Amino acid sequence: MTDITPNNSHNIPSGTVPDFIPPHRTEKQIKQRLKKRYRKERIFKAVGLGGLISGLLALTVMVTSILTTGLSGFTESRLTIDVYMDPEIIGSLEGYSTEDRIDHLRQVNHRALIRNSLRIKFPEVKSRRDIFALQKLVSSGSRDEVRQKLMKSDDVIGTTIPMDLLASSTVDMYLKGQISRDVDQSERKISDKQLAWLDIMASEGRIIKGFNWKFLSSGDSREPELAGIWGAAMGSFLTLLVTLAIAFPIGVSSALYLEEFAPRNKWTDLIEININNLAAVPSIIFGLLGLAIFLNVFNMPRSAPLVGGMTLALMTLPTIIISARAAIRAVPPSIRDAAIGMGASKIQTQFHHVLPLSMPGIMTGTIIGMAQALGETAPLLMIGMVAFIVDVPEGVMDAATALPVQIFLWADSPERGFMEKTSAAIIVLLIFLVLMNSLAIWMRHKFEKRW
Amino acid sequence: MDKAAVTTVQDLVQPTIRATNVNIYYDDTHAIKDVNLDIPPKAVTALIGPSGCGKSTFLRSINRMNDTIPSCRMTGQITLYGDDIYDKKIDVVQLRARVGMVFQKPNPFPKSIYDNVAYGPRIHGLANSDADLDNIVFNSLQKSGLWDEVKDRLDTPGTALSGGQRQRLCIARTIAINPEVILMDEPCSALDPIATAIIEELITELKERFTIVIVTHSMQQAARVSQKTAFFHLGKILEFGDTSEIFTNPKVEKTKDYITGRYG
Amino acid sequence: MNSILLIFVLIVIATTSFIVGRRRALHSVGGIIKDLHSLPNHYGWFSALAGFLPGLIIILIWIMFGGTLVDNITLAALGEEIRNLSDFDRTLYMNDIRNLAVQDAISRPVTETLKSAAQYYSRTQENIFWIFALSAIGISTVSAFFGIKKVSPELRSRNLLERLILYFLVVCSAIAILTTVGIVSSLIVVTLRFLEHVPLTDFLFGLKWSPQTALRPDQVGSSGSFGSIPLFAGTLLITLIALFIALPVGLLSAIYMTEFAKPKARAFFKPLLELLAGIPTVVYGFFAALVVAPAIRSSGEAIGLEIASESALAAGLVMGIMIIPLISSLSDDVISAVPQSLRDASYGLGATKTETILNIIIPSALPGIVSAFLLAASRAIGETMIVVMAAGMAANLTANPLEAVTTVTVQILALLTGDQEFDSAKTLSAFALGLALFAITLFLNFIALKIVRKYQEQYD
């Protein structure tokens with residue numbers, strides 16, 4: 001094929017020249033040329049497909065790697081242990097009032113109860129070190145389970161009850177196959193002795209796997225096996241609530257003004273350019289804004305969903321404004337003319353006709369904006385929503401963290417047990433995002449009007 | 001379908017293009033119904049008819065431009081000098097080099113005037129050297145009557161020309177691949193009367209060398225430039241014959257109504 | 001009693017006012033609505049807002065300036081020695097008083113002076129709040145009374161309401177501008193303070209970045225260096241790697257989807273690629289740290305290369321994946337915007353699809369593609385989480401993608417998370433970096449949007 005670069009030194013003949021007769025091409029020459037052109041076509045098409053496939057491949061690799069590491073985060077391991085509610089450790093309850101009894105039972109050395117029960121199970125374990133290692137099989141959170149059992153009814157004192165106690169993260173990971181027993185003991189976190197005990201328990205059917213409800217229902221923890229995302233999810237929810245409450249009315253109002261009322265002048269041009277640029281400002285800059293203005297100038301509380309929500313609201317505003325303007329613009333002028341022709345004022349026309357008709361489009365844009373805000377991390381880190389917080393936040397002024405920040409914190413944490421928790425939290429986050437985006441797509445299809 | 005009208009022209013000359021029982025559908029719409037038409041060589045054949053009658057669809061089927069529309073299906077046969085152009089052996093790229101097309105809206109590429117004209121020869125490898133290419137560009141521009149207007153600014157973008165000049169550039173671009181047939185889809189509908197007159201004059205000159213099929217909804221234009229006229233109505237050809245005949249003495253009532261402006 | 005309760009009281013006043021105003025309007029015309037200028041509800045709203053807005057304004061003043069007012073009164077009551085402290089120490093002292101007042105942890109031992117100051121603070125706060133609260137309620141009631149009195153059949157309450165709504169809309173649309181003003185002013189103010197510590201030339205052209213200022217004056221390297229070149233070099237390196245990945249893949253995907261794929265395939269692939277765009281960056285960051293970085297490291301080891309566990313390559317690669325959908329959807333838009341007539345013209349001349357794409361469509365869409373490229377670059381430069389999790393903290397000045405580098409965003413985050421004192425050059429430098437980042441991305445966006453706008457005009 002001839003090179004298709006512009007030829008600027010044209011050697012154009014002057015005056016009239018005879019007709020140009022194209023050089024003769026035989027049938028074979030034409031065929032050959034065509035073949036070459038089609039080969040190029042095939043190659044180019046393949047390259048294009050290759051581009052598309054490599055993009056999708058990246059998506060696939062990412063999703064599978066997160067699924068494979070994360071799904072195990074939703075299960076937990078438990079060890080069935082016959083817990084002897086030793087009256088000696090619990091102490092006497094003589095002469096206590098009901099309230100005092102419960103208070104006393106709360107403060108019992110539950111750790112010792114578990115330790116003793118384990119020693120009864122493995123009487124050959126004698127040395128302090130071994131006892132310590134033995135106790136390490138169960139999670140430190142298991143004492144809460146014993147405490148609750150005890151506080152529920154004190155009839156159990158003096159009896160032995162089989163309880164499914166939460167295994168420690170190390171044991172859990174070994175049972176999930178993430179720690180191999182084939183390597184030398186010095187290279188794994190679980191010792192040969194511990195493995196032997198586990199083998200015995202396994203042979204007795206004392207190892208149980210179950211769904212990790214705690215992961216969905218509790219707050220953060222230093223122990224991977226106890227950590228949950230409920231706190232972060234609530235933080236995200238409260239933050240988004242604030243974001244929505246601020247960004248939606250302001251976004252729709254400014255879209256309405258810019259699209260329907262604003263005169264075309266320099267000022268509105270400026271607003272328009274400004275909104276477009278704001279949509280592309282890096283999110284971390286919004287974090288700086290939140291830090292400098294909300295925290296340092298207005299002295300608002302650090303780590304609060306209120307401030308996080310306000311910061312994210314400013315960030316989402318351009319998305320909402322742009323989509324709301326598009327939705328409002330899509331309402332045909334004939335509807336406005338009809339309303340105005342009936343004697344409605346301009347504002348009435350907007351609120352009675354234009355806004356209701358454009359609402360599906362506005363909602364779609366809003367949901368997409370909210371999904372963006374839900375996945376945003378950097379600005380929240382800047383305003384301090386990054387602290388280690390165990391309590392589930394109850395209001396917008398409580399210290400809180402958010403799902404993506406929790407993911408960041410866990411990803412950064414050195415305990416290997418947090419790796420599957422990170423992936424599991426990502427799965428939860430992605431489920432929310434997919435739900436939100438599907439809702440947006442569904443709404444767009446459902447309410448899409450062809451005027 | 002008035003078969004008698006067709007048979008009379010067939011006897012005159014060997015047709016360049018012959019359409020036999022052509023039917024074209026868009027999804028469920030039956031756009032062209034059983035069209036038979038013979039287009040004579042080195043003459044201008046006009047396709048007229050009310051809008052939506054399928055004349056453009058039929059025109060686009062002659063160089064298989066309809067292939068680019070996924071929902072479009074066709075049955076029947078169209079031959080170019082006896083070759084079935086919908087035959088599997090016919091290469092559509094090659095076909096379009098033989099049957100060029102000028103569109104309703106002047107659509108020069110956003111490239112220089114020179115590159116616009118040189119585009120076709122380059123992709124088809126018609127020039128052996130730069131000098132050949134220069135020659136083709138010069139010839140094409142001259143034949144399209146644009147040479148004198150653009151000879152000093154061959155490197156300016158083709159989009160910078162006026163509407164009429166753009167359309168002549170598009171014609172020059174088509175001439176440059178030396179096709180056998182030129183299809184014109186309402187080439188003047190976007191132009192002012194003066195530019196239209198220039199193009200019509202050009203069409204008259206070009207018919208000496210090319211077979212031209214033109215779709216127009218201006219009956220005056222059809223009368224001025226064409227030798228043959230086919231009247232389309234609701235996807236069918238109601239009447240086909242010599243232009244002078246059709247315009248002075250239409251045989252079909254509908255044609256008469258259309259020509260006299262009863263509807264359109 | 002707090003602000004929320006106060007607003008509730010105002011709502012009660014407003015509701016009462018609504019009912020009374022509406023009834024008064026109806027009464028004035030003996031129940032014949034058509035004799036009123038506006039609808040009865042308009043009169044109701046008019047009266048309600050007359051009762052609500054003045055009080056709301058006072059509450060807003062309290063929320064925004066009440067704290068500062070209470071601080072200043074408390075400060076004035078404190079001794080000379082406190083007032084003469086440096087700005088920084090005084091702020092700390094006030095913080096402690098405030099925290100003690102709400103029984104929070106404080107940074108110094110609780111002394112009697114501090115305790116009494118905290119008590120004084122609480123008392124003042126309470127008193128001032130009551131002054132605000134009572135005046136809000138009082139003014140609202142009076143204003144509601146006058147509003148209701150004004151209700152008459154001639155009152156054009158609908159027009160007044162609508163003008164109010166319009167003002168509200170104007171204010172809302174100004175918030176976007178205010179946000180930009182807020183960003184620019186806060187960044188500039190803090191940057192100027194930073195430049196008091198570090199000369200501008202050192203910041204812009206310095207080759208060494210180590211922002212640690214010493215805790216004790218006798219420590220080694222007591223003054224940190226704030227040369228931002230390594231940070232920008234690192235940012236540039238990662239951005240280039242990302243674009244090197246994303247541009248061909250994104251552009252080719254867009255071309256394939258717009259020109260080659262059948263509508264059904266397009267309807268399947270396009271949302272899938274958009275899914276990539278919806279994934280939060282923290283997930284990409286985790287993916288980079290979990291999968292990509294170790295993979296690069298081990299493949300490097302296989303061919304005998306020493307690769308840091310955090311490398312520019314890993315961050316750039318994953319960032320490239322992240323911006324593929326951005327480039328492909330923007331290119332998709334501009335390629336689709338190339339008029340069909342140009343495609344027809346090219347096909348009509350007998351060009352193949354490939355020839356049409358390479359010679360006609362891409363050149364025509366080039367401005368749009370360039371602007372997509374610029375937007376993607378701006379996105380990559382401003383991206384934070386991926387680089388934080390995969391690029392590392394070491395401010396190396398290197399062009400080797402296998403080494404760890406750091407970026408502007410990583411440093412901003414590192415400087416500002418954790419405990420901060422708002423006066424050290426270290427903390428302030430984050431804002432200077434932020435300003436530079438903002439300026440660069442703004443410039444890129446501005447140019448990109450300009451190109452797009454010009455391009456759209458071309459085919460309108």
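Please read all numbers here as calculations on a predicted model, not as lab measurements. Throughout, protein chains are lettered first and strands after them, A, B, ... in sequence-line order, and every chain is numbered starting at 1.
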Qualifying residues under side-chain contact (heavy atoms from CB on, under 4.5 Å), relative to A:P301, sequence neighbours excluded
A:A304, A:M397

Heavy-atom distance under 4.5 Å to chain A: side chain of C:V170, backbone, both or neither?
both

If one checks every heavy atom of A:I271 against chain C at 4.5 Å, the contacting part turns out to be both

Lys/Arg N to Asp/Glu carboxylate O, C:E355 vs A:R37, below 4.0 Å:
yes

Would you say the side-chain atoms of A:T377 pair up with the backbone N or O of A:V405, donor to acceptor, closer than 3.5 Å?
no

Does any N or O in the side chain of A:S413 come within less than 3.5 Å of the main-chain N or O of A:L409, such that one atom is a donor and the other an acceptor?
no

Is chain C contacted by the side chain of A:L288, its backbone, both, or neither, given a heavy-atom distance below 4.5 Å?
both

Measure C:F438 against the heavy atoms of chain A and call it side chain, backbone, both or neither at under 4.5 Å.
both

Of the listed residues (C:L169, C:L437, C:L276), which shares the most heavy-atom pairs with chain A below a 4.5 Å separation?
C:L169

Close side-chain approach of C:R193 and C:L428, heavy atoms under 4.5 Å:
yes

Flag side-chain contact, heavy atom, 4.5 Å: A:F286 against C:T179:
yes

Do the side chains of C:T427 and C:L415 get nearer than 4.5 Å, heavy atoms only?
no

Salt bridge or not for A:E41 and A:K45, using N-O below 4.0 Å?
no

Heavy-atom donor-acceptor pair, C:S186 side chain to C:I183 backbone, under 3.5 Å:
yes

At a heavy-atom distance under 4.5 Å, which candidate from A:L381, A:L258, A:I407 has the highest pair count against chain C?
A:L381

Relative to chain C, which segment of A:Q348 carries a heavy atom at a distance below 4.5 Å: side chain, backbone, both, or neither?
both

Donor-acceptor pair, side chain of C:T235 and main chain of C:V408, under 3.5 angstrom:
yes

Between C:T354 and C:T352, do the side chains contain an N or O donor and an N or O acceptor separated by less than 3.5 Å?
no

Taking every heavy-atom pair that is under 4.5 Å apart, which of C:G182, C:G382, C:A289, C:P280 has the most such pairs with chain A?
C:P280

Quick check on A:F388: does its CZ atom have over 12 non-hydrogen neighbours (other residues, nucleotides or ligands) under 6.0 Å away?
yes

Side chain, backbone, both or neither: which part of C:L161 has a heavy atom under 4.5 Å from chain A?
neither

Using non-hydrogen atoms only, which part of C:I255 is less than 4.5 Å away from chain A: side chain, backbone, both, or neither?
side chain

Under a 4.5 Å heavy-atom cutoff, which of A:P249, A:S253, A:S283 has the most pairs with chain C?
A:S253

Measure distances from C:L251 to the heavy atoms of chain A and classify the residue's part below 4.5 Å as side chain, backbone, both or neither.
neither

Of the backbone (N, CA, C, O) and the side chain (C-beta and beyond), which part of C:F446 lies under 4.5 Å from a heavy atom of chain A, both, or neither?
both

Just to verify, what does A:N276 make a side-chain contact (heavy atoms from CB on, under 4.5 Å) with, not counting sequence neighbours?
A:E272, A:I322, C:L449

Interface moiety of C:L358 toward chain A, non-hydrogen atoms closer than 4.5 Å
side chain

Are the side chains of A:S345 and C:R158 in contact, using a 4.5 Å heavy-atom criterion?
yes

Taking the side chain as every heavy atom from C-beta outward, state whether C:S253 and C:F269 have any pair of such atoms under 4.5 Å apart.
no

Can you give each donor-acceptor pair under 3.5 Å made by side-chain atoms of residues 48-63 of chain A, sequence neighbours left out, with the distance rounded to 0.1 Å?
unit_1 : atom_1 : unit_2 : atom_2 : d
A:S54  : OG     : A:G50  : O      : 3.0
A:S54  : OG     : A:G51  : O      : 2.9
A:T60  : OG1    : A:L56  : O      : 2.6

Most contact-rich option vs chain A, by heavy-atom pairs under 4.5 angstrom, among C:I324, C:L178, C:L187, C:V283, is C:V283

When A:F261, A:Y38, A:Y257, A:W410 are compared by non-hydrogen pairs under 4.5 Å with chain C, the top option:
A:Y257

Below 4.5 Å from any heavy atom of chain A, which atoms of C:T384 appear? Answer side chain, backbone, both or neither.
side chain

Contacting moiety of C:T441, where chain A heavy atoms sit under 4.5 Å:
side chain

Contact origin within C:V388 toward chain A - heavy atom pairs under 4.5 Å
side chain

C:S371 and C:L330, any side-chain heavy atoms less than 4.5 Å apart:
no

Quick one: are C:L374 and C:N445 in side-chain contact, heavy atoms under 4.5 Å?
no

Evaluate C:T356 against C:S346 for side chain to side chain donor-acceptor pair (under 3.5 Å), listing each step before the verdict.
CA-CA 6 Å; C:T356 306; C:S346 180; 3.0 Å; yes

Give me the contact list for residues 430-438 of chain A versus chain C, heavy atoms only, anything under 4.5 Å, ordered by residue number.
A:L430, A:L433

For chain A, the option from C:I245, C:V291, C:L375, C:I165 that forms the most heavy-atom pairs under 4.5 Å
C:I165

At a heavy-atom distance under 4.5 Å, which candidate from A:L278, A:L289, A:N274 has the highest pair count against chain C?
A:N274

Heavy-atom distance under 4.5 Å to chain C: side chain of A:T268, backbone, both or neither?
neither

Measure the shortest side-chain to side-chain distance between A:I383 and A:R302 over non-hydrogen atoms and say whether it is less than 4.5 angstrom.
no

Highest number of heavy-atom pairs under 4.5 Å with chain A: which of C:K353, C:R379, C:E383, C:E259?
C:K353

Cut-off 4.5 Å, heavy atoms of chain C, and the answer for A:A371 is neither

If you count heavy-atom pairs under 4.5 Å with chain A, which of C:V171, C:T281, C:L444, C:I279 comes out on top?
C:I279

Under 4.5 Å heavy-atom distance to chain A, tell me which part of C:I381 shows up: side chain, backbone, both or neither.
neither

Residue part contacting chain C, namely of A:F408, when any heavy atom lies under 4.5 Å:
both

C:I321 portion near chain A, given a 4.5 angstrom heavy-atom threshold
side chain

So for A:L429, is it side chain, backbone, both, or neither that comes closer than 4.5 Å to the heavy atoms of chain C?
side chain

